[in-house]
Structures are given as C-alpha cells and as structure tokens.
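Chain naming here is simple, since letters A, B, ... match the order of the sequence lines and numbering starts at 1 in each. When reading the values below, keep in mind they use all heavy atoms of this one structure, side chains included, and skip hydrogens, waters and symmetry mates. Only a predicted model underlies this, so the values are computations on that prediction, with no experimental measurement involved.
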2 protein chains.
Amino acid sequence: MNAQKRRKPTQIDIARLAGVSQSTVSLVLNEDPARSQIPAATRQRVTDAIRELGYTANPAARSLKGGRNHLLGLYTFETVFPLDQRDFYYPFLLGVEEEAAERGYDLVLFTSAGSDGRSIYAGGVNRLGVADGCVLLGRHIRRDDLERLVGEDFPVVFIGRRGVEELSFVAADYAAATREVVLKLAGLGHRDLLYLAAPEDSEPSQDRAEGYRQGLAETGLAHDERVVEPGEITADRLTEWLAGGVTAIVVEPTEDDRVAVALQEAAGRARIDIPGDLSVVLLGDPPSWSASPRDWTGFSIPRTEMARAAVEMLIDLLEDRPARRTLFLPCPPVEGDSVAPPRATGGDRPW
Amino acid sequence: MNAQKRRKPTQIDIARLAGVSQSTVSLVLNEDPARSQIPAATRQRVTDAIRELGYTANPAARSLKGGRNHLLGLYTFETVFPLDQRDFYYPFLLGVEEEAAERGYDLVLFTSAGSDGRSIYAGGVNRLGVADGCVLLGRHIRRDDLERLVGEDFPVVFIGRRGVEELSFVAADYAAATREVVLKLAGLGHRDLLYLAAPEDSEPSQDRAEGYRQGLAETGLAHDERVVEPGEITADRLTEWLAGGVTAIVVEPTEDDRVAVALQEAAGRARIDIPGDLSVVLLGDPPSWSASPRDWTGFSIPRTEMARAAVEMLIDLLEDRPARRTLFLPCPPVEGDSVAPPRATGGDRPW
DNA sequence: AGCAATTCTTAAAACGTATTAAGCGCTACT
DNA sequence: AGTAGCGCTTAATACGTTTTAAGAATTGCT
C-alpha cells in the first residue's frame, strides 16, 4: 500500500525498542548460545523486538566487518552460458554450484566484460576483487591476465591445467589416461598406432601427447604422429594408412567433434570397418549433442568433479587450510564399441 | 612463495602510495569524468597507484554506504543448474546473463541455500542484500518469502507472473496466446473443444484458462474443461470424447511433456489420426529433449526475452528510472502439424 | 561494613567507502 | 593591499555491524 521507501530496521532500532544498547542486540544475535553472557530476560526482550520490527541483519555491514563476504567468483573467458557449448560448460557450472552451495558460499558470475574482449582488468581495475576468491575457466584464456592475477596473489584456481607459474589448478589427468589407452591397445595386440592431434597447441593437447609418448616408450610400439585438419581425413588417406600397417588410431577430440565425425565418414566410404579393420580411440568424450551414433571407446573427462575439486581447493586456500595447489583427477575409461584386436594377429603376443 | 595472508589494498593504501588523501582516491573513482574537479596529474598518480596495488573497491563497504555495487542477484527457488531441467532454465539464464553483461552488471547466484529448504531468509537474514536487486525465478516458490521481500521493499523482479501483491514481474502473455489459439480453431471450423489442464493450479495455468474462457466467450463455442492426469488419457476415453463431438483438444504442457506424449500414444492406439480426426494444440513448447517426434501446433514461450526484460526492469528500478512494474510478453505462435479443419465441415462457416 | 569476585551491560573502535563542508593557496579584481 | 573568487584537496562523518575492553551493578565473603 504505502509505497514510501521505508528504511530497514537496524540493530539500533531494536535496541531502542528493547531498552538496551546496540551492542547487546548484536551479542544476542551472535553469541554462542551454549555459554551465554546474557540473561534470559534480556534476550527475550531483544528477540521480541526483533520479531516485532521484522529486523534482518544487513549483510554488507556484516561482511565489511568480517573481511570475508562468502562470495566466490566464477570467471569464464568466454560467455558463461553459451548456447552452442552448453554441454561443455554445464557440467562445470553444475560442479561449481554444488560445491559452493555445500560450503555455504554464494557465486558471483563476472559477466560485465563486454567491450574489452573479456579482460579481467577492465579499466585497470581487477573486477574479481568483489569475491573472496575466484574459479577460472575457459578455453581461450588471456595469459597476461592470468599472470597478473597470480602476481597480485589474488586467490584463484583454474579448472584445467594452464602453464602459468604459481597458478593453482585442478585438471584432468590426460597423460595418465592416454598412457592407459596405449597400454590397452598394445595388450590387445596392436603394434602400429597413428596419433591424430588437433592443430591447436593447448596444455591438454600437450598432456595427451606426453601420455602417448610414455605409453609408446613403455610398450616399444611403432607410431606415427601427425597434426590433422578434419578436411584432410579422406577415404584414400585412411586406406593408405592401413596399408602402411596401422591397426589403431588414437584421436584427440575437438570442441565440435569434427575429427571423429570425419573419420567415421571416411571409414564408411573406404569400406573400412570399425573396429573390425581399424580400432579407434577418442581421448575424451564427444559432446552429447554429437550427431555421431558411434559409441567411441576412450575415456571421459570428469568435469563436474574437477569443478567441485577446484572450489574445494579455493575455499581451503581462503580459509587458511593447508591445500595442495595442483591436482590431477583420473579420467574414467569408456568402454565403447570402436576397439577390437587387430585382424592379422590372434590377439595376444603373437611372437 | 610467500603464503602470508595479504590484506586486500584499500583506498587508504592507494592514498598513501599516491601521496593524497583517501577522499581524493574516492573522488577519482567516482567523479563524473565530464566536469572533473581533479587535475590530470593527480588523477594519474592515483590511477597508477591503483594499478600498481591491484586495488578493487570493496563491494560491502560500497553498498553499506548506500552506493550501488553493480551486482544483480539471481535467485532460483530450485537449484540453479539442474541437470534434468536445463532446457527449462537455460534460456532464462542466457537472457539474464546477456542483459546484465550489456548493462555492466555482474551476477550473484545465491546457491548457499543448504539446509533450510532454499529459503531467502537464512537465519532470519535476507541473504539477497549483497546485491543491489534481484531477479527471481522458479516453479515452486515460497510465497511467504516473496511477501516478506516485497514488504521490505527490496528491489525484485520475478520472471513469470506470481500473484503476490506489489510484486514486479515479467511474464509470458499466456492469456492472449491461448485466446488466439481458440480464435484460430474456431476460424478453422471447430465447434466443440476440449481443454486438458494440468492438475496444478499455478498462475500460468490460471492465465491460460482465462484466455481460453475469453476465446470461447468471443466465439460462442461449446467446450469441456477438465483436469487430467496423464494416466487417465486412454484410447477409450479419447474415442468417447470424439464420439461426443469434440474435434479439437487444447492441452496445457507440463514440465515433462507427459500429457502430450500420453495423448499421442492413446491416439495411436485408438487409430485416431492427428490432425485428420482430431486437432491438438499445445499451450507452450515442449522441452527440446522431448521424445515426441510430433511437431505440435501451439505457441512458444519467449524465455530469453522474458529474462532480458526482467533484468532491464530491475535495473530501471535500481537506477530510479521510471519503469512499469508488470509486463506481459507475447508468445510467438508455432505452426506445427497437429491442427487441421475438422473432418465433418468443409472448413469455413458452414451455416 | 568493606572489599573482591562475579554478572551483566555498554562505550568505543574498527571495517572501507561516499559525500559534504571546510580549508588551503592562488589569482584577479577593486 | 585587501578581498572575493576559484581550483584543488582534505578532514570529518555516516553507513550497520562485530568485538573488546572497561564500566556498572550485583553478589558473596570475611
């Protein structure tokens, strides 16, 4: 009814009504109810007044005093809710939300980037500072921003490994998972592998490549590594590779599943059966909207767990609990239908 | 290296470094750049110091003072990122993010609900207060919370109509869209409609029902309104309805598309052709993950636009610009394949 | 009664910012 | 030379809370 802007009641209003001082009101609200300093009678008057005026504490004032405001930042170098990539981001968001909720933190989404190419430092001001700390996420990061952030030692945890000195992160253990893949192929009898890498050189790519090399070294397999554009994967090319002795291909996934799809198509056109004639492993999981009907063998990226762990690490940092600054999470293997023993050999150690 | 907890720099730190007073720092930060009081030299020293220390305004202190902190709350009565309902929420989130970003606001996601059933008032404290204002969203709201919020006149806009006195909202104009549907069916020659309502009594349901009644009143059609559980829609029932003269069914959508799917199945079993024997209109759009291959005729809910408009309204409120407090957005019609003229009549005005 | 111990209550000082009125050193008039 | 005016800077205050140290009131003891 009355639309006048009514000031919210403060502790002083309560104090006046209850006939005590403002400090007493605060004490009633904050004391440990176990061994209380305040007699029941006084407490009663205060709580009555609180009820009568509908008082609620001003969170700004409260957090101003305490230094912490229980806000966790979430900064993405791309849009937070991108329609075309929701499958990529959603599990991360989910994990961040869940863990933050459990720990009693609210989330600040830094969306106000806009004009300046989504820099953290808009007008020389670190906007992240409104939160106690921040979880970072994104494919196309700005390294300068990251370095500056770390320099200021603003508490930050990146989801995914990023090669920035002193930067805390939680990442998927691509190296170990890829190594496992190689061991598994070797165990099935494959002796000649082909590694198809995406043309970008990101940290995840490096980790996978490293794991691949490790696996090869341990098994003493032959290999052929090459960087491939999806357009280059033709039926002819594929046939050529097989003729060269290759029995399994290890594929790095791309954002949009193009390479895997191209491979699938080329194989169809060349009348190559997967996994009969050729085993294929995908180093990660394709987006769920993928058109590919194929259930690729490989491993999955524990996105939600990564996000939760990142939040956990950040909060530990904030609350001065001892915390490791880097963490690798295992990638659960995915048993699909694209891997089998090679045609020629029976299966196990044919020599 | 040094893990010591370093206090975040304040204006006083800046002031010391720049050799000015704290007030000057504040002025540099807040003045209207047009007619500035502060000479370029001083301003330069201050901004240099800001950059050097990585200063960021403390939002708590700022909003305590009465200023704005350019934080917009987003409160959902359910989990913010629910996996099973991402199609429902995503367009809203998208709209909120886009509009907030354009207006230079960051977003606060209130996730720290926890134990008390996602109440806004945790321990009697209105947690929304950290933000300047808040956009609300959710199917299963807590009316008491809403009323209390409005009572405190904390700036709030709900996405969707909610029957709470003085509550601002942006909603889809279900009434108008439903009325249109009835007019359209009447225009095609339908004279006997059946209205299948979901068993819940939410505001959107009320609006649709109202529009339906209006449409009927304007066209003078016969109708049969009933609340139906999906299980009740059987082939027999359907046959019975048709025998009674019904040529078109108007269906209220549910969260999970159950009613529409049940209808489809029952029609199949009763050998009733849609739209040949029976026209069906869906009052809203089914989730995109819907199994139903059917392209229902009806209208779609402008979720992203609703969200954007809600943010716009909220910011107008915050910045003391005149703003309407309720807004209905039109629902664009969807021309599907489930509506046709009734069998019996040729099509237009048979009398 | 006198004094110490205990119980209750409060004044006061932060926390970091925005804002206002006043202060300072100038210049430009009269 | 005196003073009004201007340009720049700052001291002071308020915002609502938590927290601490000290004050007041009451009790207990000799």
Side-chain angles (χ1 to χ4, degrees), chain A residues 5-32 35-46 49-50 53-71 125-126 129-132, chain B residues 5-46 49-50 53-71 123-127 129-130 132 152 154:
Chain A
K5 190 170 305 186
R6 200 186 46 182
R7 198 176 52 85
K8 292 209 305 192
T10 73
Q11 287 186 353
I12 293 189
D13 300 319
I14 307 297
R16 229 178 324 249
L17 180 58
V20 297
S21 75
Q22 175 264 321
S23 336
T24 304
V25 176
S26 178
L27 285 180
V28 168
L29 289 169
N30 299 327
E31 75 192 331
D32 178 5
R35 53 195 152 308
S36 157
Q37 303 272 51
I38 295 163
T42 309
R43 174 198 317 283
Q44 190 58 50
R45 267 183 302 146
V46 171
I50 287 179
L53 297 188
Y55 164 86
T56 77
N58 179 328
R62 181 176 277 186
S63 78
L64 171 57
K65 179 60 183 150
R68 293 268 131 87
N69 48 26
H70 272 227
L71 289 181
V125 171
N126 173 359
V130 299
D132 293 346
Chain B
K5 169 166 13 181
R6 214 184 41 179
R7 203 174 44 86
K8 288 210 297 200
T10 74
Q11 288 187 352
I12 294 189
D13 300 318
I14 307 296
R16 228 178 324 252
L17 181 57
V20 298
S21 75
Q22 175 263 319
S23 334
T24 304
V25 176
S26 179
L27 284 180
V28 168
L29 288 169
N30 299 327
E31 76 194 329
D32 178 4
R35 56 195 149 308
S36 157
Q37 304 272 54
I38 297 163
T42 309
R43 173 198 317 282
Q44 190 57 49
R45 268 184 300 145
V46 171
I50 287 179
L53 298 187
Y55 164 85
T56 305
N58 178 324
R62 184 177 281 200
S63 78
L64 172 58
K65 182 52 189 159
R68 296 270 121 93
N69 48 28
H70 274 227
L71 289 181
V125 176
N126 173 359
R127 301 168 26 233
V130 236
D132 293 344
E152 287 178 10
F154 182 79

Closest to side chain of K65(B), choosing from dA14(C), dC15(D), dT10(C) = dC15(D)
Closest to the S23(A) side chain: dT10(D), dT17(C), dA11(C)?
-> dA11(C)
If only side-chain N and O atoms of R62(B) are considered, is one of them under 4.0 Å from the OP1 or OP2 phosphate oxygen of dG16(C)?
-> no
Using whole Å, report how far NZ of K8(A) lies from P of dG16(D).
-> 10 Å
Counting side-chain heavy atoms from CB outward, which of dT17(D), dT9(D), dT19(C) is closest to T42(B)?
-> dT9(D)
Mark yes or no for a side-chain to base donor-acceptor pair under 3.5 Å between Q22(B) and dA18(C), with no hydrogen or angle criteria applied.
-> yes
What's the closest nucleotide to the L64(B) side chain, out of dG16(C), dT10(D), dT17(D)?
-> dG16(C)
Taking atom C1' of dC8(C) as reference, at what distance in whole Å does atom CG of L27(A) sit?
-> 11 Å
Take the protein atom NE2 of H70(B) and the nucleotide atom P of dT17(C), then report the distance between them rounded to whole Å.
-> 16 Å
Whole-Å distance between dG16(C) P and I50(B) CD1?
-> 16 Å
Measure the distance from CD1 on I38(A) to C1' on dT7(C) and round it to the nearest whole Å.
-> 12 Å
Of P39(B) and A61(B), whose closest DNA chain D nucleotide lies nearer the 5' terminus?
-> P39(B)
OP1 or OP2 of dT17(D) sitting under 4.0 Å from any side-chain N/O of N58(A)?
-> no
d(CZ, R45(A); P, dT10(C)) in whole Å | 9 Å
If you measure from OG1 on T24(B) to CD1 on I14(B), what distance do you get to the nearest 0.5 Å?
-> 12.5 Å
Contact under 4.0 Å: S21(A) side-chain N or O vs dT9(C) OP1/OP2 | no
